[in-house]
*Asks:* 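I'd like to ask you about the structure that follows.
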Amino acid sequence: MLPVDWSLVVAGGGPAGYMAAITAAEQGLAGVLLLEATPQPLGKVLISGGGRCNVTHACWDPLALVGHYPRGSRALRGPFSRFAPGDCLAWFAERGLELVEESDGRLFPRSNRSSSVVAVLEAAAAAAGVTVWRGGSLRQVERREGCGFNLRLRLSPGLAPAGASSDLSAARLLLATGGHPSGRQLASQLGHGVVAPVPSLFTLALEANPLAALRGVVMDPVGLELRLPSKRFRERGPLLITGWGVSGPATLRLTAFAARALKDSGYRAELRIDWSGGCSAAELAHRFQTARVEQARRQLLNARPWPELSRRLWIHLLERHGVTPDQRWADLRRRDEDSLLGALRSSTYAVGGRGPFGEEFVTAGGVTLGEVNLATMESRKQPGLYFAGELLDVDGVTGGFNFQHCWTSGWLAGGAIAREAREGLPLAVRSADLVEDREHR
């Protein structure tokens with residue numbers, strides 16, 4: 001017969017849940033159970049980064065690191081001062097996984113396979129004595145009189161281990177259910193405020209997409225300005241043109257910071273694109289003047305004003321502004337030049353919605369941070385209840401930042417749980433943690 005009483009039950013077999021369970025068990029806590037509703041724990045890790053898994057980002061300073069989190073940035077200064085990307089790098093290295101930095105700062109396993117990350121986490125969990133139940137999801141939580149929790153599970157036939165009980169008890173409970181609504185519902189039932197979730201990190205669909213014929217064109221860098229009724233958001237970086245609109249790192253970062261404002265506007269906005277990547281008016285005019293002199297006899301379509309400008313985009317801008325592509329640079333009229341200069345520095349497009357359904361990568365929203373002690377990830381309302389990962393109202397931009405928050409919050413929660421169980425910390429000591437946490441928020 002399998003146990004029904006556990007020291008710690010972790011709901012959610014993602015990166016935050018695994019990190020918390022491993023850390024607690026490695027630090028001496030026996031009786032750790034990890035629940036994963038699906039057949040494949042760490043499924044998000046497995047498919048992330050096109051199957052490569054961008055584990056974290058080479059941003060070593062916590063003050064710089066928090067700038068990559070549209071929600072939760074200030075609150076994360078304390079947690080990241082305790083477990084940052086450098087600590088993550090060392091944690092995986094100690095368990096046999098080397099991470100390699102790419103030119104843009106992203107860190108991937110040397111194998112370039114996300115399965116390597118999954119294998120390390122599963123091996124570490126097994127070595128530490130963590131019990132993993134696939135096909136087990138948390139349905140109901142009741143506070144036990146005195147301390148601990150009574151849990152009711154939904155067990156999937158054929159997945160959950162034979163003899164597993166749907167009724168368990170746990171001295172401590174950690175919710176790490178990611179963006180799934182079940183975790184938010186449980187947190188709410190336990191008295192926690194939950195910020196309504198909205199999509200973050202998504203592509204933009206343009207009305208009547210005037211760029212559709214340019215699908216696949218990449219420009220790096222471009223300047224983006226998203227204009228909404230009450231706010232403006234700006235980003236700079238690589239942009240990818242798609243069949244429905246725009247994508248790429250600059251777009252994803254833009255939508256992450258504008259996630260709630262876009263939701264409020266019904267995903268309708270004005271997008272201005274600086275195709276020059278930030279050139280001043282004088283610099284751009286100089287490029288045109290140089291082209292007039294050095295390429296006077298060449299046709300516009302065959303002689304771009306600078307080599308990094310996509311030829312397809314250049315021809316598109318010529319046609320969009322009524323400039324004949326096969327005329328010579330020497331024959332370009334001044335008013336047409338002014339029109340092209342304006343288009344290169346600020347072309348305007350109407351945003352009509354998000355990209356295809358399911359393209360969003362992260363959910364903005366979750367358990368209110370003010371109700372969680374971010375030094376330990378313990379609930380301020382329910383002693384013995386902990387949170388980690390995307391269930392919290394924290395989200396980062398693309399580049400490994402969301403995984404880093406999972407590793408950090410899971411490590412902090414697991415360590416705090418093991419320490420509290422080992423030392424039996426009295427309330428006065430745990431209250432001191434809350435004071436320290438407030439100083440970092």
*Asks:* Are any of the side-chain heavy atoms of Asp167 and Leu151 separated by less than 4.5 Å?
*Replies:* no

*Asks:* Verify salt bridge (charged side-chain N to carboxylate O under 4.0 Å, His left out) between Arg134 and Glu122, making sure each step is shown before the conclusion.
*Replies:* CA-CA 13 Å; Arg134 294 168 172 81; Glu122 290 185 329; 3.5 Å; yes

*Asks:* With distance as the sole test, does Arg345 use its side chain to make a donor-acceptor pair with the main-chain N or O of Cys279 at under 3.5 Å?
*Replies:*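 It does hold such a pair.
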
*Asks:* Hey, does the side chain of Glu371 reach the backbone of Gly193 with a donor-acceptor pair shorter than 3.5 angstrom?
*Replies:* yes

*Asks:* Taking the side chain as everything from C-beta on, heavy atoms only, tell me whether Leu374 gets closer than 4.5 Å to Arg82.
*Replies:*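 In short, these two side chains do not touch, never coming nearer than 4.5 Å.
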
*Asks:* So, Ser409 side chain and Ala388 main chain: donor-acceptor pair closer than 3.5 Å or not?
*Replies:* no

*Asks:* If I take atom CG from residue Leu76 and atom CG from residue Leu369, how far apart are they, to the nearest 0.5 angstrom?
*Replies:*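 Atom-to-atom, Leu76:CG and Leu369:CG are 7.0 Å apart.
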
*Asks:* Just checking, Arg143 and Phe149: is the charged tip under 6.0 Å from the six-membered ring centre and within 45° of the axis?
*Replies:* yes

*Asks:* I want to check something: taking the side chain as every heavy atom from C-beta on, are Phe257 and Thr255 in contact at a cut-off of under 4.5 Å?
*Replies:* no

*Asks:* Using side-chain heavy atoms (C-beta onward) and a distance below 4.5 Å, is Phe108 in contact with Val55?
*Replies:*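 Counting from C-beta outward, Phe108 and Val55 never come under 4.5 Å.
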
*Asks:* Hey, are Arg71 and Asp395 close enough for a salt bridge, meaning a charged N less than 4.0 Å from a carboxylate O?
*Replies:* yes

*Asks:* Report the distance from atom CG of Asp264 to atom NZ of Lys231, rounding to the nearest 0.5 Å.
*Replies:* 8.0 Å

*Asks:* Less than 6.0 angstrom from the centroid, inside 45 degrees of the normal: does Arg95 satisfy that with respect to the ring of Trp91?
*Replies:*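 The answer is yes, since Arg95 meets both limits relative to Trp91.
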
*Asks:* Output yes when Glu378 and Arg380 qualify as a salt bridge under the 4.0 Å nitrogen-oxygen rule, no when they do not.
*Replies:* no

*Asks:* Would Glu225 and Arg234 satisfy salt bridge (charged side-chain N to carboxylate O under 4.0 Å, His left out), going step by step from the backbone distance to the final call?
*Replies:* CA-CA 4 Å; Glu225 182 182 64; Arg234 295 180 178 87; 2.6 Å; yes

*Asks:* Check whether any side-chain heavy atom of Leu224 lies under 4.5 Å from a side-chain heavy atom of Phe233, and answer yes or no.
*Replies:*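 Side-chain contact under 4.5 Å: no.
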
*Asks:* Less than 4.0 angstrom from a charged side-chain N to a carboxylate O is my criterion; do Glu102 and Arg52 meet it?
*Replies:*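 Yes, charged N to carboxylate O under 4.0 Å.
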
*Asks:* Using a 3.5 Å distance criterion without hydrogens, assess whether the side chain of Ser265 forms a donor-acceptor pair with backbone atoms of Arg268.
*Replies:*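 Yes.
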
*Asks:* Search all heavy atoms of Arg253 against all heavy atoms of Val397 and return the closest pair with its distance.
*Replies:*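 Nearest heavy atoms, Arg253 then Val397: NH1-CG2, 3.3 Å.
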
*Asks:* Mind listing the closest non-hydrogen atom pair of Ala250 and Glu235 along with its distance?
*Replies:* O-CB, 3.9 Å

*Asks:* Is the backbone N or O of Ser169 less than 3.5 Å from a side-chain atom of Asn150, with the two atoms forming a donor-acceptor pair by type?
*Replies:* no

*Asks:* Just verifying a value: how many Å separate Ser247 OG and Leu204 CG, rounded to the nearest 0.5 Å?
*Replies:*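 CG of Leu204 is found 8.5 Å from OG of Ser247.
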
*Asks:* Quick one: pull up OH in Tyr386 and CG in Asn373 and give me the separation to the nearest 0.5 Å.
*Replies:*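 Rounded to the nearest 0.5 Å, the OH-CG separation comes out at 9.0 Å.
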
*Asks:* Can you find a pair of side-chain heavy atoms, one from His192 and one from Leu385, that are under 4.5 Å apart?
*Replies:*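 SC-SC contact between His192 and Leu385 confirmed.
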
*Asks:* Using every non-hydrogen atom in the two residues, find where Ser165 and Val4 come nearest and quote the distance to one decimal.
*Replies:*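 Nearest heavy atoms, Ser165 then Val4: CB-CG1, 3.7 Å.
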
*Asks:* Test your reading of the model: is there a side-chain donor-acceptor pair from Ser114 to the backbone of Leu46, 3.5 Å cut-off?
*Replies:*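 Yes, the answer is positive, given that a donor and an acceptor are paired below the 3.5 Å cut-off.
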
*Asks:* Could you pull out the closest heavy-atom pair between Ala364 and Arg260, with the gap in Å?
*Replies:* O-NH2, 3.4 Å

*Asks:* Considering all heavy atoms of both residues, which atom of Thr203 and which atom of Val246 are nearest to each other, and what is their separation?
*Replies:* CB-O, 3.5 Å

*Asks:* State, to 0.1 Å, how close Cys88 and Trp407 come at their nearest heavy-atom pair, and which atoms those are.
*Replies:* SG-CD1, 3.4 Å

*Asks:* Could you walk me through whether Val351 and Leu206 pass side-chain contact (heavy atoms from CB on, under 4.5 Å), step by step?
*Replies:* CA-CA 5 Å; Val351 175; Leu206 303 181; 4.2 Å; yes

*Asks:* Check whether any side-chain N or O of Gln382 sits under 3.5 Å from a backbone N or O of Leu190 as a donor-acceptor pair, and report yes or no.
*Replies:* yes

*Asks:* Please output the side-chain donor-acceptor pairs of residues 6-24 that fall under 3.5 Å, not counting sequence neighbours, one pair per line with the distance.
*Replies:*
residue : atom : partner : partner atom : Å
Trp6    : NE1  : Pro3    : O            : 3.4
Ser7    : OG   : Ala30   : O            : 2.8
Thr23   : OG1  : Met19   : O            : 2.7

*Asks:* Run the side-chain contact (heavy atoms from CB on, under 4.5 Å) test on Thr348 and Glu270 for me, step by step, so that the C-alpha distance in whole Å, both residues' side-chain angles and the decisive distance to 0.1 Å come before the verdict.
*Replies:* CA-CA 7 Å; Thr348 302; Glu270 179 182 282; 3.4 Å; yes

*Asks:* Is there a donor-acceptor contact under 3.5 Å linking the side chains of Glu36 and Thr38?
*Replies:* yes

*Asks:* Any non-hydrogen side-chain atom of Val117 less than 4.5 Å from a side-chain atom of Phe403?
*Replies:* no

*Asks:* According to the interplanar angle, ranging from 0 to 90°, do the rings of Phe401 and His57 count as parallel (below 30°), tilted (30 to 60°) or perpendicular (above 60°)?
*Replies:*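 It falls in the parallel class, under 30°.
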
*Asks:* Counting only N and O atoms by type, is there a donor-acceptor contact under 3.5 Å from the side chain of Arg113 to the main-chain atoms of Ser116?
*Replies:* no

*Asks:* Working to the nearest 0.5 Å, report the span between CE of Met377 and CG of Leu391.
*Replies:* 12.0 Å

*Asks:* Does Arg354 count as lying over the ring of Tyr267, i.e. NZ or CZ under 6.0 Å from the six-ring centre, within 45 degrees of the axis?
*Replies:*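 Yes, Arg354 and Tyr267 form such a contact.
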
*Asks:* After noting the C-alpha distance and the side-chain angles of Phe92 and Thr56, does the key distance pass the side-chain contact (heavy atoms from CB on, under 4.5 Å) rule?
*Replies:* CA-CA 11 Å; Phe92 279 101; Thr56 185; over 6 Å; no

*Asks:* Compute the ring centroids of Phe80 and His405, then answer whether they are less than 6.0 Å apart.
*Replies:*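 No; His405 has its ring centre 6.0 Å or more from that of Phe80.
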
*Asks:* Assess whether side-chain contact (heavy atoms from CB on, under 4.5 Å) is satisfied between Leu168 and Leu33, documenting all intermediate values.
*Replies:* CA-CA 10 Å; Leu168 305 177; Leu33 172 64; 3.6 Å; yes

*Asks:* Would you check if Thr251 and Phe202 make a side-chain contact, meaning some heavy-atom pair closer than 4.5 Å?
*Replies:* no

*Asks:* To the nearest 0.5 Å, how far apart are OH in Tyr69 and CD in Gln404?
*Replies:*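 Separation between the atoms: 5.5 Å.
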
*Asks:* Output yes when a side-chain donor or acceptor of Thr408 lies under 3.5 Å from a complementary backbone atom of Pro79, and no otherwise.
*Replies:* no

*Asks:* Are Arg152 and Glu142 ion-paired here, with the side-chain N under 4.0 Å from a carboxylate O?
*Replies:*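 Here Arg152 does not pair with Glu142 in a salt bridge, since their nearest N and O are not under 4.0 Å apart.
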
*Asks:* Has Glu390 got a side-chain atom pairing as donor or acceptor with Thr363's backbone, closer than 3.5 angstrom?
*Replies:* yes

*Asks:* Pairs in or reaching into residues 209-224: which pass side-chain hydrogen bond (donor to acceptor under 3.5 Å, both in side chains), with residues at least two apart or in two chains?
*Replies:* none

